[in-house]
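Report on the following structure.
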There are 2 protein chains.
Amino acid sequence: MGRQLNGDGAAAPTRRATIKDVAVAAGVSRSTASRALTGRGYVAADARERILAAAEELRYVPDATARYLKQQVSLSIGVLVTDLRNSFYARLAAGIGQTARARGFSLVLAEDGGSAQTQVELAETFVASRVAGVIVTPASADITTYLCRHRVPVVEVDRQFAAGSCDAVVVADRAASQEVSAYLLGLGHRRVALLVDTSTLITGGERYAGYRAALAAAGVPFDPSIVVGADLEVGAARATAAALLSGPRRPTAVFAANNVLAEGVWRAAGDVGLSIPADLSVVSFDDAPWMSLVVPGLTAVDQDEEALGAAAVNRLLERIADPEAGPTTITMPTRLVHRASTRALP
Amino acid sequence: MGRQLNGDGAAAPTRRATIKDVAVAAGVSRSTASRALTGRGYVAADARERILAAAEELRYVPDATARYLKQQVSLSIGVLVTDLRNSFYARLAAGIGQTARARGFSLVLAEDGGSAQTQVELAETFVASRVAGVIVTPASADITTYLCRHRVPVVEVDRQFAAGSCDAVVVADRAASQEVSAYLLGLGHRRVALLVDTSTLITGGERYAGYRAALAAAGVPFDPSIVVGADLEVGAARATAAALLSGPRRPTAVFAANNVLAEGVWRAAGDVGLSIPADLSVVSFDDAPWMSLVVPGLTAVDQDEEALGAAAVNRLLERIADPEAGPTTITMPTRLVHRASTRALP
DNA sequence: CTGAAAGCGCTTACAG
DNA sequence: CTGAAAGCGCTTACAG
């Protein structure tokens, strides 16, 4: 039976058991063994018992790759996010993983560091490994185009580049941004800065639109000098924010369009000696763990990353089940959590 | 050629191109196409050109599962961590992913939530998908036992349950813990509490041993009432810490053995009205992002998670290359970063 | 109820 | 330099 002795004198299998091994051990054909093991098709009770016992005994674990090859349907999904060190993406990945597992799927996960180029390279490994579909926070339209061309179902999360031709799960960016901006304006602030991510133009765009709408509604003139773009990296955001905050006509409030930008603002305020909220009000899009640890607590727009992840896998599995259905965009709710980083102007 | 028209009138492939498709398109056999595509074996220059052109034209992406089946060697590794929402594991996963990708491997990633039971279930999906090896932060010895039994190379990270029979990459827990404890004792503290994770007994054990050693070296008597175990969840840690801090003979310093425990202590100090460092000194094992954001900054033992991850994949690939070599434990250095959460006692 | 046969998409000696 | 054939581990009509 293909065994050899190891150092301890115990029998150790030289190779993994295959269905053929359990078939001969149980005295049946591979067909019958397969039927018993998968539970599909007829097999006599006593044969089934012998087969199951043999599988157990031989520690048989079916080869999922061989099964895929035959059935042409895999049980893994590709997940591509920007950066796991950013709590937003980590929680998103956690949410995706949990519901995927509950639905019987495993995850092939990769990070792209925000590079559109890297995304399509990784997309190629996804199609090579024949994932059932992919969930991505896109960096450009290229990845979705690539994936669609290869007939792999994809859902965009957080950012949307292929609106109208691909499923997406996003958050009500514009509405939330407008709510925050209106809130700050309502507090009496007239110089409300907006710090957006330069690399995620789409999301930045929606958040920007909400900001503009609030300004318009409040009759406050738009000042382009206080909406600034920063790279998605704390050091860069900090420097950008410090410059913004040290000018002569500095803003009295800043709305940071995501958690790393908010961290940059937080640190920059310290750098230039501004105290929050006395000298500066700040609100963040994304509620990261540190925001409730810090004093004063940071007021933030909370997104339920796990719910986003769950919605994305559910949408993906529906898409796989019905490839012809029209594309759907799911918009998840958002919640403004008030803490202590803002104050009303006299 | 198996095509049909879609709504736009453009030709869209009904199914993915196989090597057979590119072979017929190039007018050669599958064998020759395979040789040209993999770059192994002879093929005439003009034939190679036609084959490559056909592959490009047909957007051929080789089926990695079929290739695996034939070659019996896969290019993916399984990664199993406790909880991606914990920045330690997220960074560890990021580090693993980066070096795996640089080495040509992709990641099958899963979370176990700290459950030993879940770990072995997930390990089974890893063996079913025939990963080349797995990297795990073990919750018990079971997963390593299971994996070894199935002949899949494994390296334990952060925690070590199979010392002596399995590769591992850990941090100098005991030495770092002793350093921190000695530091606190040197500041004049006599009642130094230790908060450890009940579920990770091994790591907790090493960190505990370092604590004991420092106590002994300083001639300070050990008081079991101030070493307490807490579940690895902020709420629970907070409650445990609050109880610890509200007793009559409360500690003047606490050493939290990981970042969630530290967060629990931080919040509990606020809950019971103790100010840091005036009333209480605190040091954390694990340097999470929030610790430098908060005031006062939290003194912490920094582990380089990305380096841990890189070391783990390198070790795993060496193990795969040489299955017979003896098990190796790699101990990574640690760095105490001083901030402002401790003070000397008069 | 069972088994022989075909086939999923690849790669790899081997004969020419 | 090339192609026919075998085979990786499975599943699935189909004939009995």
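Throughout, a chain's letter reflects where its sequence line sits, starting with A, and its residues are numbered from 1.
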Nearest whole angstrom, please: distance from the [atom2] of [N] to the [atom1] of [X].
X	N	atom1	atom2	value
A/Asp63	C/dG9	CG	C1'	14 Å
B/Arg30	C/dG7	CZ	P	12 Å
A/Tyr68	D/dC10	OH	P	17 Å
B/Lys20	C/dG9	NZ	P	9 Å

Counting heavy atoms from C-beta on, name the nucleotide in [options] closest to the side chain of [X].
X	options	value
B/Ser29	C/dC10, D/dG3, D/dC8	D/dG3
A/Thr38	C/dG9, D/dC10, D/dT11	D/dT11
B/Leu69	C/dC1, D/dG9, C/dG3	D/dG9
A/Gln71	D/dC8, C/dC8, D/dT11	D/dT11

Taking donor-acceptor contacts at under 3.5 Å, does the side chain of B/Ser31 reach the base of D/dA4? yes

Side chain A/Arg35 and base C/dG3 donor-acceptor under 3.5 Å: yes

Please compare A/Ser34 and B/Val43 by the position of their nearest nucleotide in DNA chain D and report the one closer to 5'.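 The residue closer to the strand's 5' end, by nearest nucleotide, is B/Val43.
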
Can you check whether A/Arg91's main-chain N or O pairs, donor with acceptor, with B/Arg85's side chain at less than 3.5 Å?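 Side chain of B/Arg85 to backbone of A/Arg91, a donor-acceptor pair under 3.5 Å: no, none is there.
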
